[in-house]
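Data first, discussion second: the structure below is written as structure tokens.
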Amino acid sequence: MVKFAPLSVPWERRLQTFVVLQWIFSFAVLGVVCYVVFIGLQFTRFWIFSILYAIWWYVDRAKPWQGGRQSDVLRQWVIWRYMKDYFPISLVKTAYLDPSRNYLAGFHPHGVLATGAFTNLCTESTGFSSLFPGIRPHLMMLNLWFWTPFFRDYIMSGGLVPVDKESAAHILSREGGGNLMAVIVGGVQEALDARPGGYKLVLRNRKGFIRLALMHGYWEEGSGFN
């Protein structure tokens with residue numbers, strides 16, 4: 001049975017709900033819509049747009065594995081503030097991050113759509129840049145999304161990159177530091193185990209992020225060992 005929200009619900013809350021709904025739509029449906037548009041345009045008088053984008057896509061095909069292409073404008077969209085307030089979500093600083101180094105961060109729990117990770121790392125709604133000045137955040141995501149026309153450019157704008165060794169190595173080996181790469185260690189398996197009120201951490205056969213840290217060097221706080 002469908003239940004409608006009572007008229008007494010404030011407009012602020014309605015806007016928060018709408019923004020969360022559009023975000024769910026983005027990842028659940030928008031990828032398919034982009035494919036339909038890309039293919040459908042080829043059978044219309046606007047076919048040239050699909051051809052031009054196909055050329056751009058080919059030239060730019062390696063970009064997701066080279067750190068992506070962040071957009072401060074998209075990260076600062078006001079709609080993300082409504083999304084943050086819906087839950088609500090907050091970012092708490094418990095340690096200083098030296099902008100001269102690169103960082104690998106593990107995130108848990110995955111949840112259904114990794115809402116906490118996306119909101120904190122791919123938007124400025126919780127003030128990431130203010131809390132960690134000089135640090136550029138990246139969040140790893142399933143590779144298949146980066147083979148979706150148009151949608152790939154949208155998700156790269158927020159700082160999303162493919163979840164594989166090549167992509168991680170590029171970010172962690174950048175000279176000058178100032179990069180944070182976050183990986184949701186439990187992946188899809190952990191997402192499928194998400195239950196209200198339950199937190200299941202999946203680590204078995206998912207320790208590749210530890211090998212990456214060892215390969216690219218790590219800092220043991222307090223010991224001076226690098």
Side-chain angles (χ1 to χ4, degrees), residues 18-77 79-80 82-83 105 107 109-125 128 136-172 179-192 194 206 208-209 212:
F18 174 77
V19 170
V20 172
L21 181 63
Q22 69 80 27
W23 182 73
I24 295 173
F25 170 81
S26 294
F27 286 91
V29 181
L30 187 56
V32 176
V33 171
C34 287
Y35 260 117
V36 171
V37 171
F38 176 71
I39 296 173
L41 283 175
Q42 299 178 37
F43 298 94
T44 70
R45 60 179 178 173
F46 302 108
W47 59 269
I48 187 63
F49 291 106
S50 281
I51 299 302
L52 289 175
Y53 184 84
I55 295 172
W56 159 253
W57 189 2
Y58 177 78
V59 172
D60 195 58
R61 65 190 183 282
K63 192 63 177 179
W65 286 266
Q66 296 173 350
R69 187 186 300 105
Q70 288 195 24
S71 168
D72 290 336
V73 174
L74 183 142
R75 289 175 56 86
Q76 294 174 7
W77 278 357
I79 65 170
W80 304 130
Y82 288 106
M83 180 166 155
F107 187 92
H110 188 294
V112 177
L113 285 174
T115 311
F118 177 86
T119 305
N120 281 316
L121 300 174
C122 298
T123 79
E124 288 295 333
S125 61
F128 183 94
R136 184 184 302 104
H138 302 270
L139 179 63
M140 306 199 88
M141 184 181 183
L142 282 174
N143 294 21
L144 65 90
W145 292 112
F146 296 92
W147 294 106
T148 306
F150 310 118
F151 189 64
R152 65 187 289 275
D153 302 284
Y154 172 62
I155 58 179
M156 278 197 294
S157 297
L160 287 158
V161 294
V163 59
D164 63 21
K165 186 182 296 184
E166 178 187 350
S167 176
H170 181 89
I171 294 172
L172 295 175
N179 296 280
L180 181 145
M181 190 192 71
V183 55
I184 307 175
V185 295
V188 176
Q189 183 180 345
E190 187 174 290
L192 295 175
R206 291 184 174 274
F209 68 101
L212 279 170

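It should be emphasised that the depicted structure is a prediction, and the values quoted were computed from it without experimental measurement.
Of all heavy-atom pairs spanning F38 and A54, the tightest one is CZ-CB, 4.1 Å. Minimum heavy-atom separation, I171 to G67: CG1-CA, 4.2 Å.
Ring-centre distance between W80 and F118: below the 6.0 Å cut-off.
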- Does the pair E124 and D72 meet the rule for a side chain to side chain contact (heavy atoms under 4.5 Å, CB included), with working shown? CA-CA 9 Å; E124 288 295 333; D72 290 336; 6.0 Å; no

Donor-acceptor pairs are to be reported for all side-chain atoms of residues 18-26 against protein atoms at under 3.5 Å, with residues two or more places apart or in another chain.
unit_1: Q22; atom_1: NE2; unit_2: V19; atom_2: O; d: 3.1
unit_1: S26; atom_1: OG; unit_2: Q22; atom_2: O; d: 2.9

Pairs under 3.5 angstrom only: tabulate donor-acceptor contacts from the side chains of residues 160-167 to other protein residues two or more places apart or in another chain.
unit_1: D164; atom_1: OD1; unit_2: E166; atom_2: N; d: 3.4
unit_1: D164; atom_1: OD1; unit_2: S167; atom_2: N; d: 2.9
unit_1: D164; atom_1: OD2; unit_2: W65; atom_2: NE1; d: 2.6
unit_1: D164; atom_1: OD2; unit_2: N143; atom_2: ND2; d: 3.1
unit_1: S167; atom_1: OG; unit_2: P162; atom_2: O; d: 3.1

Name the atoms and distances for all side-chain donor-acceptor pairs under 3.5 Å in residues 144-152, with sequence neighbours left out.
unit_1: T148; atom_1: OG1; unit_2: W145; atom_2: O; d: 3.4
unit_1: R152; atom_1: NH1; unit_2: D60; atom_2: OD2; d: 3.2
unit_1: R152; atom_1: NH2; unit_2: D60; atom_2: O; d: 2.9
unit_1: R152; atom_1: NH2; unit_2: D60; atom_2: OD2; d: 3.3

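To the nearest 0.5 Å, atom CD of residue Q42 and atom CD1 of residue I48 are 11.0 Å apart. Rounding to the nearest 0.5 Å places CZ of F128 at 6.0 Å from CG of L121. Within the model, atoms NE2 of H170 and CG of N179 stand 8.5 Å from one another, a figure rounded to the nearest 0.5 Å.
Proximity of I51 to L41: side-chain heavy atoms (C-beta onward) are nowhere separated by under 4.5 Å.
With sequence neighbours excluded, no residue satisfies ring pair (Phe, Tyr, Trp, His ring centres under 6.0 Å) with F209. With sequence neighbours left out, the side-chain hydrogen bond (donor to acceptor under 3.5 Å, both in side chains) criterion links T123 to S125. With sequence neighbours excluded, the residues satisfying side chain to side chain contact (heavy atoms under 4.5 Å, CB included) with Q70 are R75, R136, H138.
Applying the side chain to side chain donor-acceptor pair (under 3.5 Å) test to every pair with at least one member in residues 43-58, sequence neighbours left out, gives these pairs: Y53-D153.
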